[in-house]
Amino acid sequence: MISKTDPGYKETMRIKLGKAALSAPDARLCAWIASHYAAPRPINVHFDVIHHGALPRLNIIFDRRGDGASFQKKDGMGFNTRKQKRVLKAARELGVLDHLDTALQDKTLVIFTEFENAVREEAAAAITEADVEAIRSVMPGPAVWLVSRIFGCAIVFFETTSEMKSSAGKRAQEAWRQALQSKSSDYDACRYFDTEPMQVHFDSRENFEKTYNGNWRAYYN
């Protein structure tokens with residue numbers, strides 16, 4: 001997937017917000033993909049070089065989650081090689097890779113990503129500790145130990161599992177969910193959360209320490 005640290009992220013954000021436009025060859029390729037496959041039109045085509053300059057890469061960037069699913073292998077592990085080859089052939093014919101010599105065009109890697117996932121992750125991660133403390137100051141119910149913002153969602157940790165599952169805990173869960181979803185929308189420049197709010201999950205410090213020995217790597221794996 002594309003992430004906010006990728007070179008094409010800022011470029012795609014500008015296109016998404018109407019502050020930049022595709023080049024003519026890139027626009028032709030996006031139109032070609034939409035007309036040849038059962039998929040929405042991509043919003044960007046980003047070229048870069050990876051592996052210390054050894055491998056040219058063409059990133060076909062779709063807008064919403066699931067838009068590029070048909071370009072994945074059936075098991076979800078990697079891309080459909082036949083479609084990669086067809087898109088590469090079209091890119092060459094439409095002038096997208098004219099800046100490369102024939103040898104480099106031949107070896108260009110085509111990948112397919114979705115922009116929404118990256119924006120969701122950035123918006124969730126942008127919620128600050130000050131935001132969390134402001135929410136905490138008005139929250140009812142049992143005390144919250146920590147709020148994790150990762151992978152495009154939030155995890156609210158109560159102190160104990162029994163407090164989390166209590167009637168007061170359940171009311172607090174709904175209040176936290178609404179507050180965090182509202183705050184995440186403030187950081188969502190593309191308004192993806194308007195149609196599907198950020199997911200908010202709940203756990204306890206007690207479970208984290210007993211089950212995962214207080215190890216975040218074990219927890220997130």
Side-chain angles (χ1 to χ4, degrees), residues 1-126 150-152 187-196 198:
M1 61 170 282
I2 189 172
S3 73
K4 66 178 183 179
T5 59
D6 289 338
Y9 180 85
K10 289 184 179 180
E11 175 185 281
T12 306
M13 179 65 79
R14 288 179 56 79
I15 292 171
K16 174 71 176 176
L17 298 179
K19 297 179 179 180
L22 291 168
S23 67
D26 289 351
R28 289 195 293 268
L29 180 59
C30 288
W32 183 93
I33 290 171
S35 67
H36 282 75
Y37 296 104
R41 180 172 174 153
I43 59 172
N44 194 18
V45 175
H46 180 76
F47 175 85
D48 61 5
V49 181
I50 59 175
H51 294 175
H52 305 289
L55 181 62
R57 180 174 65 174
L58 197 64
N59 188 352
I60 310 300
I61 304 172
F62 291 92
D63 185 11
R64 304 304 298 265
R65 292 191 293 186
D67 283 358
S70 64
F71 295 87
Q72 298 279 335
K73 291 181 178 178
K74 290 183 179 180
D75 62 4
M77 303 297 290
F79 302 109
N80 182 303
T81 54
R82 182 171 176 270
K83 291 180 178 180
Q84 283 179 301
K85 291 176 181 178
R86 288 193 66 191
V87 171
L88 177 58
K89 182 175 183 292
R92 297 178 69 171
E93 292 173 348
L94 295 171
V96 174
L97 300 177
D98 281 357
H99 60 290
L100 300 178
D101 61 32
T102 301
L104 288 176
Q105 289 187 20
D106 288 341
K107 65 188 295 187
T108 296
L109 172 67
V110 177
I111 65 172
F112 306 92
T113 60
E114 297 161 345
F115 192 54
E116 179 180 359
N117 294 320
V119 176
R120 283 177 171 271
E121 286 202 6
E122 181 182 30
I150 193 170
F151 305 134
Y187 297 108
D188 175 15
C190 300
R191 314 312 308 168
Y192 290 123
F193 287 142
D194 289 356
T195 54
E196 186 182 342
M198 179 183 72

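Computed over heavy atoms, backbone and side chain alike; hydrogens, waters and symmetry mates excluded. The shown structure was predicted, so the numbers you read here are calculated from the model rather than taken from an experiment.
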Kindly indicate, with the supporting measurements, whether the criterion side-chain contact (heavy atoms from CB on, under 4.5 Å) is fulfilled by Phe71 and Ile60. CA-CA 10 Å; Phe71 295 87; Ile60 310 300; over 6 Å; no
Only counting residues at least two apart or in another chain, list the ones meeting salt bridge (Lys or Arg N to Asp or Glu O under 4.0 Å) with Glu116.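 Scan of Glu116 (salt bridge (Lys or Arg N to Asp or Glu O under 4.0 Å), adjacent residues dropped) gives Arg64, Arg65, Arg120.
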Only pairs at least two apart or in different chains count here, so list each side chain to side chain donor-acceptor pair (under 3.5 Å) that has a residue in residues 51-62.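 For residues 51-62: Asp48-Arg57, Asn59-Thr113.
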Pairs touching residues 73-84 that satisfy side chain to side chain donor-acceptor pair (under 3.5 Å), sequence neighbours left out: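 Every pair satisfying side chain to side chain donor-acceptor pair (under 3.5 Å) with a residue in residues 73-84: there are none.
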Over all heavy atoms of both residues, which pair between [X] and [Y] is shortest? Give the atoms and the distance, please.
{"X": "Pro56", "Y": "Lys107", "answer": "CD-CG, 3.8 Å"}
{"X": "Val119", "Y": "Met13", "answer": "CG2-CE, 4.0 Å"}
{"X": "Met198", "Y": "Ala124", "answer": "SD-CB, 3.8 Å"}
{"X": "Leu29", "Y": "Ala90", "answer": "CD1-CB, 4.0 Å"}

For residues 15-24, run the donor-acceptor check on the side chains, cut-off 3.5 Å, and write out each pair with its distance to 0.1 Å, sequence neighbours left out.
from  : atom 1 : to    : atom 2 : distance (Å)
Lys16 : NZ     : Asp63 : OD1    : 3.2
Lys16 : NZ     : Asp63 : OD2    : 2.9
Ser23 : OG     : Asp26 : N      : 3.3
Ser23 : OG     : Asp26 : OD2    : 3.2

Residues two or more places apart in sequence or in another chain: which of them pass side chain to side chain donor-acceptor pair (under 3.5 Å) with [X]?
{"X": "Arg191", "answer": "Asp194"}
{"X": "His36", "answer": "Trp32"}
{"X": "Thr5", "answer": "Ser3"}
{"X": "Arg86", "answer": "none"}

Taking only residues at least two apart or on different chains, which pairs with a member in residues 87-102 satisfy salt bridge (Lys or Arg N to Asp or Glu O under 4.0 Å)?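 Found Lys89-Glu93, Arg92-Asp106.
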Listed by chain and number, what are the ring-ring contact (aromatic ring centres under 6.0 Å, His included) partners of Tyr187, not counting sequence neighbours?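 Expected list: none.
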Under the ring-ring contact (aromatic ring centres under 6.0 Å, His included) test, residues paired with Tyr9 that sit two or more places apart: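 Applying ring-ring contact (aromatic ring centres under 6.0 Å, His included) to Tyr9 gives Phe115.
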With a 3.5 Å distance limit and no angle check, can you tell me whether Asp67 reaches the backbone of Phe62 through a side-chain donor-acceptor pair?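 No, because the side chain of Asp67 does not come within donor-acceptor range (under 3.5 Å) of the backbone of Phe62.
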If I take atom CG from residue Leu58 and atom CD from residue Gln105, how far apart are they, to the nearest 0.5 angstrom?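 That separation rounds to 10.5 Å.
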For residues 38-47, run the donor-acceptor check on the side chains, cut-off 3.5 Å, and write out each pair with its distance to 0.1 Å, sequence neighbours left out.
from  : atom 1 : to    : atom 2 : distance (Å)
Arg41 : NH2    : Ala27 : O      : 3.2
Asn44 : ND2    : Glu11 : OE2    : 2.8
Asn44 : ND2    : Thr12 : OG1    : 2.9
His46 : ND1    : Glu11 : OE2    : 3.1

